[in-house]
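So the structure is just underneath, and the comments pick up after that.
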Number of protein chains: 2
Amino acid sequence: MQVEGQAPPVTPARAPRADAVRNRKKILAAAGEQITAHGPEVGMDEIAAAAGVAVGTLYRHFPTKTDLVAAVVAAYVARVADDAETALGRVEAGARAVDELTAFLGRVVEASVTDRAVKAAAQTLGAEPGDRADEDRAGVAVAALIRAGQDAGDIHPDVTVSDIYLLFSTAPTDQPPAARARWLALVTPALTTWGRQAGN
Amino acid sequence: MQVEGQAPPVTPARAPRADAVRNRKKILAAAGEQITAHGPEVGMDEIAAAAGVAVGTLYRHFPTKTDLVAAVVAAYVARVADDAETALGRVEAGARAVDELTAFLGRVVEASVTDRAVKAAAQTLGAEPGDRADEDRAGVAVAALIRAGQDAGDIHPDVTVSDIYLLFSTAPTDQPPAARARWLALVTPALTTWGRQAGN
DNA sequence: CATCAATATGAACCTAGGTTCAGTATAGAC
DNA sequence: GTCTATACTGAACCTAGGTTCATATTGATG
């Protein structure tokens, strides 16, 4: 909500030092990698080591582990929002909404596999996204996709964004690829008007 | 698997003392309640207190916390197996297999809500059921239910026990009742031959 | 009832991992 | 080049929670 191009009146707050900016980036990158690879249980020590930085520096940038994880999660949510908006763009350019929606669902599930730890982290630590903007962006885009699919008569009229979230949140990300594929095949028809006929 | 009515040849192993038996029961009961109510993170201290016993006694009966949790999980699995077999019994008595199977699915999901912590415990601690017998019982019964439903033409021919497990494991047990109900409504038709038509 | 092995007790122990902070280095301003 | 606020370092601290073990009880046996 911070509008720029306007000198802050109180608290001059000089610009952060160059090395601080550099380190912050390294920390976020390392945290993302470590949490993705080894789960949210990775120690702060390990994240610090991966970032080539001391533990204390982690705490200079993020007052608590939860905050660090929240930052990583925020990046994840932003990526999902981007994906949803891109898919919506394709639909507006003529693509079928159902296809885009289910493909989007598939991509998110697959991404959640790599980022499974991130998701788990969010639940485990109760990390609150400091900024719901990206979450809202994703919601809006998905809603538009659903609407488009319903207008085209492909998506069941009572499907909502909540339904998509509900399915996302229950994706078996800790199962092998075959199981995930099977799950998608079982669940996807729940969204369409044509359901799942015998022999499908 | 221990057959009784037959004196153990080696290792006479006198019968356990009466109070030991009593305490073991109290511990299992208390552990079930505590884990169900407060999650698998409950301290051994709290479980011990709830059982009216000292921590050391917990460790006399269960060498490790994981073992205690495993015992609780085993009880849970046994209950599910009983449920599945009862449902199968009703089918053999003339009930429709699809109905029994979906009702069973619903019951397990609802039970998982109360026992959510138990499920979580199993994953978190990697608790291995010491005895797969009950798990097998459940699997056999569910397989029979599926088969019956397929013979009746109601359940999709390619549905397997794994599918049921897959759906069980992805049930949104941490969501409010309405969301759970919605989830069931979305997922159930994935099993049937008639899918989900518009207006359903 | 005497005896003892099984059992119970619970304070102390140990480890892991998040967090702190006094000391040191350095970017940026003058 | 000097100076200082900002940033970095990493050993030490602290807490939580699982586990142990010396000591006290108690059920069973003869």
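In what follows, every chain begins at residue 1, and chains take the letters A, B, ... in the order their sequences are listed.
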I need the [atom1]-[atom2] distance between [X] and [N], as an integer number of Å.
{"X": "B:Asp45", "N": "C:dG10", "atom1": "CG", "atom2": "C1'", "result": "10 Å"}
{"X": "A:Gln34", "N": "C:dG17", "atom1": "CD", "atom2": "P", "result": "14 Å"}
{"X": "A:Arg22", "N": "C:dT26", "atom1": "CZ", "atom2": "P", "result": "11 Å"}
{"X": "A:Arg24", "N": "D:dT6", "atom1": "CZ", "atom2": "C1'", "result": "15 Å"}
{"X": "B:Glu46", "N": "D:dG17", "atom1": "CD", "atom2": "P", "result": "8 Å"}
{"X": "B:Asp67", "N": "D:dG18", "atom1": "CG", "atom2": "C1'", "result": "13 Å"}
{"X": "A:Ile27", "N": "D:dA7", "atom1": "CD1", "atom2": "C1'", "result": "11 Å"}
{"X": "A:Phe62", "N": "C:dG18", "atom1": "CZ", "atom2": "P", "result": "15 Å"}

- So, are B:Arg137 and B:Asp82 salt-bridged, with charged N and O less than 4.0 Å apart?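 The answer is yes: the pair qualifies as a salt bridge.
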- Query: Cluster question for you: counting only ILVMFWY and a side-chain heavy-atom cut-off of under 4.5 Å, with indirect links fine, are B:Phe104 and B:Val140 together?
  - Reply: no
### Query
DNA chain D: B:Arg17 or A:Ala54, which has the more 5' nearest nucleotide?
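The 5'-side residue here is A:Ala54.
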Residue pair B:Gly43/A:Asp19 against DNA chain D: nearer the 5' end by closest nucleotide is A:Asp19
| Heavy-atom donor-acceptor pair, B:Asp163 side chain to B:Thr160 backbone, under 3.5 Å |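 Indeed, once roles are kept as given, a pair shorter than 3.5 Å links the two residues.
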### Query
So, does A:Gln150 use its side chain to make a donor-acceptor pair with the main chain of A:His156 at under 3.5 Å?
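A pair under 3.5 Å: yes.
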Out of [options], whichever nucleotide has its closest atom nearest the side chain of [X]:
{"X": "B:Tyr59", "options": "D:dA7, D:dT20, C:dT19", "value": "D:dT20"}
{"X": "B:Met44", "options": "C:dT19, C:dG10, D:dG18", "value": "D:dG18"}
{"X": "A:Lys65", "options": "C:dG18, C:dA11, D:dG18", "value": "C:dG18"}

For [N] and [X] - does any side-chain N or O of the residue sit under 4.0 Å from the phosphate oxygens OP1/OP2?
{"X": "B:His61", "N": "C:dA8", "result": "yes"}
{"X": "B:Thr64", "N": "D:dG18", "result": "no"}
{"X": "B:Arg60", "N": "C:dT7", "result": "yes"}
{"X": "A:Thr57", "N": "D:dT9", "result": "yes"}

No-hydrogen, no-angle side-chain donor-acceptor test under 3.5 Å, A:Tyr76 and A:Ser112
yes
Practice problem: Check every strand shown and say whether B:Asn23 touches a base, only sugar-phosphate, or nothing at a heavy-atom separation below 4.0 Å. | Solution: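 B:Asn23: backbone/sugar contact only, no base atoms under 4.0 Å.
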